[in-house]
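All heavy atoms count here, side chains included; hydrogens, waters and symmetry mates do not. Numbers for residues simply follow the sequence, beginning at 1.
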Amino acid sequence: PPINDYQNDQLPKFIPPYNSDTDYTFSVSANSFDTPNTSLTQVLQLNVVVDAVADIPVNDDLASANVSDDDSNSNNFTLVTTEDSSINLKDLFSTPASLNSNDSDGSETLTFKVTGLADGFSISGATFIGGTGTDRIWLVDKAALNAGTVSLVTPTNYAGEVDFQIQFVTTENAGDSKTHPAKDVSVMITPIAEGSIGSSDTQNEDESKVLNFGFTTSDTDAASAGKESLVSFSIDVTGLEAAGIKLVSNGVDLTTGKTGYQTITVTDGVLADVTAILTEDSDTDYNFNISYTYNDVALDSDGNKYKAQIK
């Protein structure tokens, strides 16, 4: 439409379509009148360059999950999972399927950086940019995130809290890029007790024998990474004295004149020796029941304890 009575101090504005960085060329004609019968018309091409500007990410809220510690206090994390489980990074977001740049017309890409991971942890399915220790950086593509191929990799048998940061980056195809404020991520990995006790041993006739109960676990990390250990151990000695078997631990006779479960000392996860003494010339097999407890205990960054137990 024509602009009548054009004034230099009231310049017109061109507003391109929302999120468009398409350039435009306008034909502008100007008519100047001196007298009713005298005028001058001039037509010019006006080129308008629309610079691309990177937008903000949308639907980028982190997920939220609660878990109770051993004191029954509910604690909040971005994600809660269990020891040795796969940790998919898309589960860190409330609505990963709708995560995008505000400019969703295809002219802009959305990625995010992962930083702050301690040594021993890494990101698979992402591009490693470089760095050492907590300064390492991985770049995650949104398409890979949506495909579910980006994961947090933890040390084997790790249990405890994992903290790191993600930082979104929006990039226009034309070149403009914007890095947005970092978000703090906390993942609580609760422990799973996986130790085992041996159920058999051998002993020679007329020889005393320190019985091997074979408590084993591959999970021997520090408490902050989930530490698994034997907590208690007892033997049901009912009938052993009558069968001619004597059990001794720490100098204490566990069988003579005794029945029921007798407690064996456990110190820092180590079971005290239990020695079996047979009557002379006895080659009779024997058995007894045992009862034991072992824990896998992990800590979060505030020192709260999370215990898994098997009895």
query: Between Lys209 and Thr202, is there a donor-acceptor pair closer than 3.5 Å when you use the side chain of the first and the backbone of the second?
result: yes
Rounding to 0.5 Å, atoms CG (Asp141) and OG1 (Thr149) come to a distance of 8.5 Å
* **side chain to side chain contact (heavy atoms under 4.5 Å, CB included) between Phe168 and Leu110, intermediate numbers included** => CA-CA 7 Å; Phe168 283 101; Leu110 177 67; 3.7 Å; yes
Between the OG atom in Ser86 and the CG atom in Asp84, the distance rounded to the nearest 0.5 Å is 11.0 Å
Tightest non-hydrogen contact, residues Leu254 and Gln262, listed as O-CG, 3.5 Å
In the structure I gave you, are the side-chain heavy atoms of Val185 and Val114 within less than 4.5 Å of one another anywhere? no
Q.
Treating Thr190 as the side-chain partner and Thr81 as the backbone partner, does any N or O pair qualify as donor plus acceptor under 3.5 Å?
A. yes
Excluding Ile129, membership of its hydrophobic cluster (Ile, Leu, Val, Met, Phe, Trp, Tyr; side-chain heavy atoms within less than 4.5 Å) reads Ile137, Leu139
In short, side-chain hydrogen bond (donor to acceptor under 3.5 Å, both in side chains) pairs touching residues 234-249 with sequence neighbours left out are Asp236-Thr238
| Judged by atom type as modelled, is there a donor-acceptor pair below 3.5 Å linking the side chain of Glu83 to the main-chain atoms of Ala159? | no
What one should report as the nearest heavy-atom pair of Asn250 and Ala272 is ND2-CB, 3.7 Å
Distance col, row Thr256:OG1 vs Leu247:CG, nearest 0.5 angstrom, shows 9.5 Å
Is a donor on one side and an acceptor on the other found under 3.5 Å between the side chain of Asn59 and the backbone of Thr95? no
Exactly one candidate in Thr78, Asp60, Leu92 meets side chain to side chain contact (heavy atoms under 4.5 Å, CB included) with Lys183; the answer is Asp60
With a 4.5 Å cut-off on side-chain heavy atoms, are Ile87 and Ile189 touching? yes
Measure the shortest side-chain to side-chain distance between Leu62 and Phe93 over non-hydrogen atoms and say whether it is less than 4.5 angstrom. yes
- Task: Could you tell me whether the side chain of Ser29 and the main chain of Val43 form a donor-acceptor pair under 3.5 Å?
- Result: no
Donor-acceptor contact below 3.5 Å, side chain Asp69 vs main chain Asp71: yes
Residues at least two apart in sequence or cross-chain that pass ring pair (Phe, Tyr, Trp, His ring centres under 6.0 Å) with Phe213, listed by chain then number, are Phe233
Atom CG of Asp285: over 12 foreign heavy atoms under 6.0 Å
no
### Contact check, side chains of Val80 and Asn66, non-hydrogen atoms, under 4.5 Å
no
* Asked: Do Asn295 and Thr293 have side-chain heavy atoms sitting under 4.5 Å apart?
  -> yes
The reported gap from CD1 in Ile235 to CG in Leu240 (rounded to nearest 0.5 angstrom) is 8.5 Å
To the nearest 0.5 Å, atom OG1 of Thr111 lies from atom CG of Leu145 at 11.0 Å
Flag yes if more than 12 heavy atoms outside Asp268 fall under 6.0 Å of its CG atom; otherwise flag no. no
Q: Ignoring hydrogens and angles, tell me if any N or O in the side chain of Lys258 forms a donor-acceptor pair with the backbone of Asp253 under 3.5 Å.
A: yes
### Message
Between Thr25 and Gln45, do the side chains contain a donor N or O and an acceptor N or O under 3.5 Å apart?
### Response
no
Open item on the list: When you measure from the side chain of Gln167 to the backbone of His180, do you find a donor-acceptor pair of N or O atoms at a distance under 3.5 Å?
Closed with: yes
Distance col, row Tyr294:OH vs Ser232:OG, nearest 0.5 angstrom, shows 12.0 Å
Which of Phe121, Phe164, Phe128, Phe112 passes ring pair (Phe, Tyr, Trp, His ring centres under 6.0 Å) with Trp138? It is Phe128
- Show your working on side chain to side chain contact (heavy atoms under 4.5 Å, CB included) between Ile123 and Val150 and close with a plain yes or no. CA-CA 7 Å; Ile123 303 295; Val150 186; 3.7 Å; yes
